[in-house]
Amino acid sequence: MMKRFLIIFFLILNGIAFAQSRDAEFEGGTKQLKKIILTKINLDSIDVDENTVVKLTFKIDRQGRVVVINCESDYPKTKIEFIRVATEIKQKWKPAIKNGKRVDSEIMLSFPMIFE
């Protein structure tokens, strides 16, 4: 009886551990991260037009540290400014989990530039 219980317990425990998966998460969420970035951007130092979309990609390691930041934009000054601001954010992330284990991951955020 005890063996049976231990086997069932072990199977349930493994099922829970391997079922856990999530992307890396910025503490406070994606909205908070975007808000921080957009409030720190120096608008005088970027070039944009009405169709500009800036994409920031964060590579997050297993410990929740940002190890690489890339930026896609048609404007070099805009790339430099977004990377500068993103690099200033020192807050750790919750690392991604796959099959119950921490893994390296990549998160992309888009910033459409809207003019009124």
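More than 12 heavy atoms of other residues, nucleotides or ligands lie within 6.0 Å of CG in D61, so this atom counts as buried by the packing criterion.
Under the side-chain hydrogen bond (donor to acceptor under 3.5 Å, both in side chains) criterion, R84 pairs with E81, E88, not counting sequence neighbours. Every residue two or more places apart in sequence or in another chain that forms a side-chain hydrogen bond (donor to acceptor under 3.5 Å, both in side chains) with Q63 is listed here: R65. Applying the side-chain contact (heavy atoms from CB on, under 4.5 Å) rule to S105 yields the partners A24, I60, A96; only residues at least two apart in sequence or on another chain are considered. Residues that satisfy the side-chain contact (heavy atoms from CB on, under 4.5 Å) test with E27, not counting sequence neighbours, are Q91. The side-chain contact (heavy atoms from CB on, under 4.5 Å) check on E25 picks up R22, K94, with sequence neighbours excluded. In this structure, R102 has no salt bridge (Lys or Arg N to Asp or Glu O under 4.0 Å) partners at least two apart in sequence or on a different chain. Partners of N70 under the side-chain contact (heavy atoms from CB on, under 4.5 Å) rule, at least two apart in sequence or in another chain, are T57, V68.
Applying the ring pair (Phe, Tyr, Trp, His ring centres under 6.0 Å) definition to pairs two or more places apart or across chains, those involving residues 90-109 are F26-W93, F58-W93. Residue pairs meeting the salt bridge (charged side-chain N to carboxylate O under 4.0 Å, His left out) criterion with at least one partner in residues 66-78, sequence neighbours excluded, are absent. The ring pair (Phe, Tyr, Trp, His ring centres under 6.0 Å) contacts involving residues 59-80 comprise nothing, where partners must be two or more places apart or lie in separate chains.
Rounding to the nearest 0.5 Å places OG1 of T52 at 9.0 Å from CG of D47. Interatomic distance, NZ of K55 versus CE of M108, reported as 5.5 Å (0.5 Å rounding). Residue I69 holds its CD1 atom at 12.5 Å from CZ of F82, rounded to the nearest 0.5 Å. Taking CZ from R62 and CD1 from I97, the interatomic distance works out to 12.5 Å, rounded to the nearest 0.5 Å.
Side-chain atoms of K90 come within 3.5 Å of backbone atoms of T87 as a donor-acceptor pair (strictly under, hydrogens ignored).
The hydrophobic cluster analysis finds I80 isolated: no Ile, Leu, Val, Met, Phe, Trp or Tyr side chain comes under 4.5 Å of it, directly or through other members.
Side-chain contact between I83 and C71 is present, with at least one heavy-atom pair separated by less than 4.5 Å.
Shortest non-hydrogen contact noted between L56 and A86 is CD1-CB, 4.1 Å.
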Listing, residues 33-41 side-chain donor-acceptor contacts under 3.5 Å, not counting sequence neighbours, or none:
{"residue": "K34", "atom": "NZ", "partner": "S110", "partner atom": "O", "Å": "3.0"}
{"residue": "T39", "atom": "OG1", "partner": "K35", "partner atom": "O", "Å": "3.0"}
{"residue": "T39", "atom": "OG1", "partner": "I36", "partner atom": "O", "Å": "2.9"}

